[in-house]
Amino acid sequence: PGFPRTLGQAKALDGICELDLVISLNIPFETLKDRLSARWVHPASGRVYNMDFNPPHVQGVDDLTGEPLVQREDDRPEAVAARLRKYKDAAKPVIELYKSRGILHSFSGTETNKIWPYVYALLSSRIPPILPEEEH
């Protein structure tokens, strides 16, 4: 999840700057739950592994030390599901706020490489390219 996550944060952000573009990524609940639940850590070093995208060489053990990996309590599937429900409830008024201002752009999907080209096209249409200064 990004920022702002709550209506209070959105209102505080209003006091700092005026937004003209907000991006919302709509990813299916099950996809998020599976990805977050696939995270395991080596407690001593803080190294993070993802069983789908960055697995250890040997399942369940740290690549460098061979010590066991653990799953944090808040990364267990049932905890992740509760976190996602709480996030969705808190974020709904934020989404509605930006939608009512006409600055919300939503993208749906499950894979970064399929969503990114559309996000990039939107950003490219709004942000002028930085051109190198001409040499004098």
Side-chain angles (χ1 to χ4, degrees):
F3 182 85
R5 293 187 176 106
T6 66
L7 201 51
Q9 290 175 351
K11 291 184 177 182
L13 187 58
D14 281 345
I16 298 170
C17 63
E18 184 177 338
L19 300 179
D20 58 2
L21 173 68
V22 174
I23 294 173
S24 174
L25 301 178
N26 299 318
I27 301 165
F29 183 90
E30 285 301 315
T31 300
L32 289 172
K33 188 177 84 154
D34 291 347
R35 286 188 188 167
L36 292 170
S37 299
R39 183 168 51 185
W40 290 72
V41 298
H42 177 244
S45 68
R47 275 186 289 281
V48 177
Y49 296 89
N50 183 291
M51 295 306 150
D52 297 326
F53 302 109
N54 178 37
H57 297 304
V58 177
Q59 187 171 352
V61 298
D62 181 57
D63 287 346
L64 299 181
T65 66
E67 295 170 341
L69 300 175
V70 299
Q71 190 172 45
R72 297 180 344 197
E73 285 296 323
D74 62 346
D75 284 340
R76 296 186 189 280
E78 58 280 359
V80 166
R83 282 169 46 208
L84 289 172
R85 281 192 292 273
K86 185 176 179 183
Y87 169 77
K88 185 177 179 183
D89 290 344
K92 187 175 182 179
V94 176
I95 297 294
E96 292 302 320
L97 172 68
Y98 294 135
K99 189 185 293 184
S100 73
R101 292 181 183 175
I103 59 173
L104 181 72
H105 297 265
S106 295
F107 299 92
S108 299
T110 59
E111 298 175 42
T112 302
N113 62 347
K114 291 184 179 174
I115 297 174
W116 174 245
Y118 298 101
V119 174
Y120 182 81
L122 171 67
L123 294 175
S124 297
S125 73
R126 297 293 190 91
I127 301 170
I130 298 173
L131 303 174
E133 290 186 31
E134 293 181 9
E135 295 185 22
H136 298 283

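Worth knowing before you read on, the calculation uses all heavy atoms, side chains too, and leaves out hydrogens, waters and symmetry mates.
Nearest heavy atom pair, residue Pro68 against residue Pro43, reads O-CD, 4.0 Å. When all heavy atoms of Asp74 and Val80 are compared, the closest pair comes out as O-CG2, 3.5 Å. Smallest separation of non-hydrogen atoms from Ala81 and Lys33: CB-CD, 4.0 Å. Closest heavy-atom contact between Arg126 and Pro128: O-CD, 3.8 Å. Minimum interatomic distance between Asp52 and Ala38 (heavy atoms only, all atoms of both residues): OD2-CB, 3.7 Å.
Between the CZ atom in Arg5 and the NZ atom in Lys86 there is a gap of 11.5 Å [rounded to 0.5 Å]. For the atom pair CD1 of Ile95 and OG of Ser100, the computed distance is 11.5 Å after rounding to the nearest 0.5 Å. Separating the OG1 atom in Thr110 from the CZ atom in Arg35 is a distance of 6.0 Å, to the nearest 0.5 Å. Between Leu32 atom CG and Lys88 atom NZ the span is 11.0 Å, to the nearest 0.5 Å. Note that the CG atom of Leu19 and the CG atom of Leu97 stand 9.0 Å from one another [nearest 0.5 Å]. How far CD of Gln71 is from CE of Met51: 8.0 Å, rounded to the nearest 0.5 Å.
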Enumerate donor-acceptor pairs with a distance under 3.5 Å from any side-chain N or O in residues 20-28 to protein atoms, sequence neighbours excluded.
| from | atom 1 | to | atom 2 | distance (Å) |
| --- | --- | --- | --- | --- |
| Ser24 | OG | Asn26 | OD1 | 3.4 |

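In the hydrophobic clustering of this structure, Leu13 groups with Ile103; members are Ile, Leu, Val, Met, Phe, Trp, Tyr whose side-chain heavy atoms approach within less than 4.5 Å, directly or through other members.
Side-chain atoms of Tyr98 and Pro4, non-hydrogen and from C-beta on, do get closer than 4.5 Å to each other. For the pair Leu69 and Pro56, the minimum side-chain heavy-atom distance is below 4.5 Å.
Surrounding CD of Glu78 are more than 12 heavy atoms belonging to other residues, nucleotides or ligands, all under 6.0 Å away.
Applying the ring-ring contact (aromatic ring centres under 6.0 Å, His included) rule to pairs touching residues 106-133 yields Trp116-Tyr120, sequence neighbours excluded. For the ring-ring contact (aromatic ring centres under 6.0 Å, His included) condition, no pair includes a residue of residues 29-83, sequence neighbours left out.
Between the side chain of Ser125 and the main chain of Leu122, a donor-acceptor pair closer than 3.5 Å is present.
By the 4.0 Å N-to-carboxylate-O rule, Asp75 lies close enough to Arg83 to be salt-bridged with it.
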